Amino acid sequence: MDYNFREIEKKWQKYWVEKKTYQVEIDRSRPKYYVLDMFPYPSGAGLHVGHPLGYIASDIFSRYKRLSGYNVLHPMGYDAFGLPAEQYAIQTGQHPAVTTEKNIARYREQLDKIGFSYDWEREVKTCDPAYYKWTQWAFLRMFNHWYNRKTNKAESIEILIAAFEKNGSAGIDAACNEHEPFTAAGWKSMNEKQRMDLLMNYRIAYQADATVNWCPALGTVLANDEVRDGVSIRGGHPVEQRKMKQWLLRVTAYALRLLEGLDLLDWSDSLKEMQRNWIGRSEGAEIAFRIKDYNEPLVIFTTRPDTLWGVTFMVLAPESEWVEKITTPAQKAEVDAYVTEVKKRNERERMADTRKTGRFTGAYVIHPFTGEEIPIWVSDYVLAGYGTGAIMAVPAHDQRDWDFAKAFQLPIVPVIEGGDIEKEAFDSWDAKVINSDFITGLVVPDAIRRVNEEISRRGLGTPKVQYRIRDAIFSRQRYWGEPFPIFYKDGIAFPLPEDQLPLTLPEVESFQPTEKGEPPLGRAKHWKTKDGYKLELSTMPGFAGSSAYYLRYMDPKNDKALLSKEADDYWQDVDLYIGGTEHATGHLIYSRFWNKFLFDTSVVCKDEPYRKLINQGMIQGRSSFVYRIKNTNTFVSLNLKDQYDTTAIHVDVNIVDNDQLDIEAFKKWNPEYAAAGFILEDGHYICGWAVEKMSKSMFNVVNPDTIIERYGADTLRMYEMFLGPLEQSKPWDTNGIDGVHKFFRKLWRLFHDQMNAFRLSQEVPTPQELKVLHKTIKKIRDDIERFSFNTSVSNFMICVNELTDLKCNKKDILEPLVILLAPFAPHITEELWSLLGHDTTVFDARFPEANPEYLVEDVFTYPVSFNGKMRFKLELPLGLSPQEIEKAVLADPNAQKWLNGAPPKKVIVVPGKIINMVI
RNA sequence: GCCCGGAUGGCGGAAUAGGUAGACGCGCAGGACUUAAAAUCCUGUAACCAGUAAUGGUUGUGCGGGUUCAAUUCCCGCUCCGGGUACCA
């Protein structure tokens with residue numbers, strides 16, 4: 001074999017480990033560059049060819065940066081806590097730590113075969129106590145900080161306590177939960193429990209009652225996607241909405257900074273837009289409506305105060321505490337029954353069902369301007385968690401209110417000009433307001449301003465900004481996660497001292513909840529502090545460990561700090577982050593929040609963690625089908641199947657090559673088909689295909705190991721890039737892989753003679769050869785800089801094709817080419833580099849620069865167009881002026897033919913580009 | 001419903017700043033080498049029309065308009081596909 005990729009790849013992978021080629025240290029003589037991949041959750045299924053797509057791209061960029069003189073940090077690790085391992089543990093009794101370790105080993109083996117330049121000395125695993133010590137540490141810091149809205153940052157809780165001692169709650173502007181104001185004297189008179197309860201309203205990591213999906217039979221909180229039709233997917237047990245004490249992170253305090261920070265990031269617009277929608281800033285006003293026969297007003301939030309005169313009813317969320325307070329005795333039975341009914345359904349179901357239901361409470365508010373009585377209803381189309389959990393309904397101009405009004409025959413009063421409110425609600429920003437007292441005749445934005453002024457003046461309300469984003473529920477009633485460094489004394493939550501971290505996950509004999517309904521940690525023996533106080537039983541969610549992992553890579557073995565000042569100062573932030581869009585609103589929000597908190601508290605020097613971010617597209621499966629004639633064991637080839645009545649059956653894509661079925665392998669694949677008959681076309685069985693999600697059940701999973709075994713890692717890497725633009729989703733289709741593999745063989749032959757002996761010429765290259773090389777250098781540099789790796793592969797092919805045509809085997813041409821290709825195909829290039837006589841890695845070389853001198857052209861073949869259509873080509877010297885070019889073209893017999901004797905109306909000459917004549 | 005992408009040969013895709021549409025690869029067809037096959041190499045390959053042929057012409061980047069000497073590229077209006085999000089007042 002000429003190009004022996006198996007031997008070459010094994011040899012260099014071993015070399016890299018032995019020589020520690022990819023180990024990096026702080027080196028102030030070189031600029032840093034930090035390239036990060038979103039670390040994987042090590043599932044039991046291993047990697048399929050879709051997973052490495054982003055890793056290959058980031059690896060190419062890392063190697064390119066290294067060759068360009070940067071000190072590149074390119075680490076990898078595992079997001080190792082998580083639900084699948086725990087579910088598996090419940091089913092099989094195997095400890096999640098054991099299965100996780102096994103899966104990690106398998107991932108590592110697969111990753112190593114692809115030839116990545118990770119510095120494995122810096123590997124992190126979120127389930128490692130040495131790692132999660134710092135997750136717990138960050139949680140404690142959040143517990144001990146509050147958010148000061150005056151300074152716009154997190155500050156120590158001690159500062160807050162000092163302020164309380166001096167002035168009570170007066171003068172404090174904090175992101176906090178609602179509570180009664182108090183004086184300094186009041187504070188001083190409080191006991192410890194009262195003070196701790198009060199401070200809990202301020203902490204950035206705090207405990208509060210939150211509405212969750214609670215499954216009593218399983219004894220745990222479930223995520224929305226684990227519940228369907230009011231029962232748990234696993235086991236079919238009923239699930240109810242319940243308010244439960246949970247740990248939360250005050251992400252909302254950072255809403256504005258998370259929103260505004262986006263502007264400076266080099267992320268795709270679509271991703272930023274997703275985050276903006278998730279944060280969901282909306283400007284409006286809070287308006288107080290006096291409740292008839294009641295002292296306290298009902299406060300609502302609206303973005304359209306201009307529609308105040310169109311309000312015909314009010315609606316409360318079923319969970320609103322107002323419901324119980326104001327419902328009249330006559331309505332009570334009906335309302336209670338409704339609220340109970342609604343509470344059985346989770347939020348997701350309520351949102352999915354847009355039919356309007358509700359009940360009248362019997363109570364009324366008084367309209368602040370007209371003095372009219374307006375009925376108060378209760379309905380589940382109003383969400384408890386947004387705004388104040390109550391709305392003013394304007395059915396003429398809000399479709400949801402319109403639907404509700406129609407369902408319950410409530411009046412619909414138009415206050416905005418235009419539209420047909422008989423058919424649907426009407427909404428407009430540039431229409432005029434009607435029927436509305438002092439704002440009648442104003443356009444909507446002016447009307448809003450005017451109403452806001454008036455309600456402020458009369459003390460009815462204030463302009464307000466609402467955010468859709470909510471504080472993150474941070475506790476799970478689960479085993480396989482980070483334990484909280486929290487203990488309870490007399491029912492009060494206290495932080496564990498920092499020197500007792502990490503608080504390691506205890507052993508339990510079962511991963512099920514306890515009989516009392518406590519989380520699995522309730523089973524742990526001695527789950528107490530040294531002094532005998534009970535420790536928190538819930539654990540942290542999946543996003544805890546992934547929120548600051550990029551920082552830990554900078555200084556992974558530090559046992560004194562999350563990272564040293566020195567490491568932070570040198571590595572700073574992630575220059576390039578590559579990963580999937582699925583983390584747009586989870587990890588990427590939490591991680592930014594976490595980083596901003598650490599920034600506020602001077603742990604890190606950067607306000608944003610990920611400067612540039614690229615979302616690689618998903619690789620979908622390309623399923624293959626065989627067609628069985630109904631009620632037979634005979635299969636008919638794709639193009640003949642219409643002559644029969646057939647059933648399409650998924651067939652393992654690994655026994656299909658270029659859509660041709662390997663019939664022998666097919667017979668062995670499933671005993672049912674051992675005796676099958678086949679109707680062939682041209683001697684082959686051709687399979688049909690479809691693009692579907694890559695999954696076991698579709699038999700379309702392709703494992704990178706299989707591809708590497710057959711073609712080598714360099715071919716896999718290049719082919720994944722060749723498939724199309726990085727950010728686009730595309731099906732995995734091996735139909736083109738031969739072309740890439742042929743490229744490597746062709747490249748190999750440039751360096752070797754017919755006997756496969758390495759043979760290069762020392763001759764001085766011709767201008768033509770230099771041009772091919774330098775043209776390629778320029779293109780590859782451009783391609784890499786804009787992450788257009790698919791075109792790089794094409795350009796390498798063109799280069800090798802042209803050098804083959806020139807029969808060029810000159811060292812001065814091929815040596816730079818090797819460096820150019822090294823980021824893409826590290827194994828073959830290391831081999832060629834060493835054959836070239838070097839005894840160090842090719843990655844210590846310098847990336848070649850294009851010399852424009854070799855690219856200078858003296859002639860250009862002009863496309864000559866008539867009315868924009870290209871008709872013929874004309875070669876002219878490049879030095880000519882537009883006038884000379886025009887003269888030369890008009891003199892050409894080809895032009896005369898098209899001009900047909902008449903002079904052109906106009907001639908456009910763009911030197912070096914095009915000639916266009918208008919006739 | 002709303003937001004964001006996308007649509008180019010038989011297929012994946014290219015065209016980076018409005019300037020030769022279809023680079024590169026696959027597939028397919030024909031040929032060379034071979035007893036044969038594989039591998040390799042060479043040639044051709046958007047569609048349609050005319051011609052034995054070289055060649056010539058017409059159409060053509062989802063659809064309909066527009067701007068321009070010139071549009072895959074910019075603008076307006078649609079269709080379809082993918083993703084995100086959804087009673088957020």
Side-chain angles (χ1 to χ4, degrees), chain A residues 2 268-274 276-278 280-282 284 300-304 307 315 347-348 350-356 379-383 385-388 390-394 397-401 403-404 466-470 581-582 584-585 615 617-618 620 622 658-659 689 691 719 722-725 727-740 742-743 745-746 749 779 782-783 785-786 788 790-799 801 804 861-873 904-910 912-919:
Chain A
D2 39 10
S268 72
D269 289 337
S270 68
L271 192 72
K272 287 190 196 179
E273 203 52 33
M274 270 192 226
R276 285 191 191 109
N277 290 339
W278 190 259
R281 182 178 196 271
S282 48
I300 55 92
F301 174 75
T302 178
T303 54
R304 294 296 299 273
T307 60
V315 189
E347 212 172 323
R348 183 198 183 94
R350 280 169 57 181
M351 287 174 178
D353 185 4
T354 53
R355 282 172 310 177
K356 295 289 180 285
S379 170
D380 68 350
Y381 85 91
V382 173
L383 302 178
Y386 185 77
T388 61
I391 62 152
M392 63 177 212
V394 185
H397 308 295
D398 182 295
Q399 192 59 46
R400 296 158 299 185
D401 298 342
D403 292 341
F404 191 84
Q466 272 292 341
Y467 291 93
R468 196 191 82 116
I469 194 170
R470 299 180 204 177
T581 357
E582 65 272 22
T585 50
N615 290 120
M618 240 192 4
Q620 297 139 311
R622 186 182 187 275
N658 283 348
D659 291 335
W689 59 274
V691 173
Y719 186 61
F722 191 51
L723 232 37
E727 303 189 49
Q728 235 170 62
S729 284
K730 55 234 155 188
W732 176 259
D733 177 356
T734 39
N735 282 349
I737 200 166
D738 285 325
V740 172
K742 261 188 236 173
F743 159 80
R745 292 219 294 250
K746 235 171 148 174
R749 279 200 303 272
K779 292 212 175 226
D782 285 357
D783 286 342
E785 291 286 352
R786 62 194 175 95
S788 175
N790 55 327
T791 51
S792 309
V793 180
S794 299
N795 283 318
F796 279 122
M797 287 173 170
I798 292 167
C799 176
N801 287 346
T804 303
T861 307
Y862 280 93
V864 183
S865 304
F866 292 82
N867 292 341
K869 288 238 177 279
M870 205 279 287
R871 294 304 180 181
F872 66 94
K873 287 175 186 176
K905 284 186 193 146
K906 195 173 174 186
V907 182
I908 290 114
V909 175
V910 184
K913 279 257 156 101
I914 198 170
I915 299 163
N916 188 23
M917 288 194 233
V918 187
I919 52 171

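Note that this is a predicted model, so its numbers are computed, not measured. Each chain gets a letter, A, B and so on, in the order the sequences are listed, and its residues count up from 1.
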Could you list the residues that satisfy salt bridge (charged side-chain N to carboxylate O under 4.0 Å, His left out) with A/Glu582, not counting sequence neighbours? none
Looking at [X] and [Y], what are the two nearest heavy atoms and their distance?
X	Y	answer
A/Ser865	A/Ile914	OG-CD1, 4.0 Å
A/Tyr386	A/Arg468	CE1-CA, 3.9 Å
A/Asp401	A/Val394	OD2-N, 2.9 Å
A/Thr585	A/Met274	CG2-O, 3.9 Å

Results of side chain to side chain donor-acceptor pair (under 3.5 Å) for A/Asp783 - residues two or more places apart only: A/Arg786, A/Thr791, A/Asn795
What's the closest nucleotide to the side chain of A/Val382 if the choices are B/rG84, B/rU58, B/rA89? B/rA89
Where the side chain of A/Met797 is defined as all heavy atoms beyond and including C-beta, which of B/rG27, B/rU20, B/rC24 is the nearest nucleotide? B/rC24
For [N] versus [M], give the span between their [atom1] atoms, rounded off to a whole number of Å.
N	M	atom1	answer
B/rG9	B/rU16	C1'	23 Å
B/rA70	B/rA15	C1'	16 Å
B/rA21	B/rG31	C1'	30 Å
B/rA23	B/rU59	C1'	22 Å
B/rC41	B/rC24	P	15 Å
B/rG62	B/rA71	P	15 Å

Euclidean distance, [Y] [atom2] relative to [X] [atom1], rounded to 0.5 Å:
X	Y	atom1	atom2	value
A/Phe301	A/Gln466	CZ	CD	5.0 Å
A/Ser794	A/Phe743	OG	CZ	10.5 Å
A/Lys730	A/Gln620	NZ	CD	9.5 Å
A/Arg304	A/Met392	CZ	CE	9.0 Å

In terms of the angle between their ring planes, are A/Phe404 and A/Tyr381 parallel, tilted or perpendicular, with boundaries placed at 30° and 60°? tilted
Using the ring of each side chain (for Trp, its six-membered ring), is A/Trp732 parallel, tilted or perpendicular to A/Tyr719, with breaks at 30° and 60°? perpendicular
Could you check A/Val793 against A/Ile469 and say which one's nearest nucleotide on RNA chain B is further toward the 5' end? A/Val793
Contact nearer the 5' end of RNA chain B, comparing A/Thr303 with A/Met618: A/Met618
How does each nucleotide of nucleotides 40-50 of chain B score, in 5' to 3' order, for protein heavy atoms under 4.0 Å: base (B), sugar-phosphate only (S), or none (-)? SS---------
Using a 4.0 Å heavy-atom cut-off, write out nucleotides 2-17 of chain B from 5' to 3' as B (base contacted by protein), S (sugar-phosphate only) or - (no contact). -SS-------BSSSB-
Review item, nucleotides 68-70 of chain B N/O atoms under 3.5 Å of protein N/O:
unit_1, atom_1, unit_2, atom_2, d
B/rC69, O2', A/Asn916, ND2, 3.2
B/rC69, O2, A/Asn916, ND2, 2.7

Spacing between [X] atom [atom1] and [N] atom [atom2], to the nearest angstrom:
X	N	atom1	atom2	value
A/Phe866	B/rG57	CZ	P	11 Å
A/Asp738	B/rG25	CG	C1'	11 Å
A/Met870	B/rU58	CE	C1'	15 Å
A/Glu582	B/rG83	CD	C1'	12 Å
A/Arg871	B/rU55	CZ	C1'	15 Å
A/Ile798	B/rG25	CD1	P	8 Å
A/Asn801	B/rC24	CG	C1'	9 Å

Short side-chain to backbone donor-acceptor contact, [X] and [Y], under 3.5 Å:
X	Y	answer
A/Ser268	A/Leu271	yes
A/Ser729	A/Met618	yes
A/Tyr467	A/Ser282	no

Tell me what A/Thr581 touches on the nucleic acid: a base, only sugar-phosphate, or nothing, going by heavy atoms under 4.0 Å. nothing
Base, sugar-phosphate, or nothing: which does A/Arg281 touch, judged by heavy atoms less than 4.0 Å apart? nothing
Under 4.0 Å: is that the gap between some side-chain N or O of A/Tyr862 and OP1 or OP2 of B/rU20? no
Anti or syn, where syn is a glycosidic angle within 90° of 0; which label fits B/rG77? anti
Taking Watson-Crick and G-U wobble contacts under 3.5 angstrom, with | marking pairs to another strand and [ ] crossing pairs, the secondary structure of RNA chain B is written (((((((..(((......[....)))((((((.......))))))(((((....)))))..(((((..]....))))))))))))....
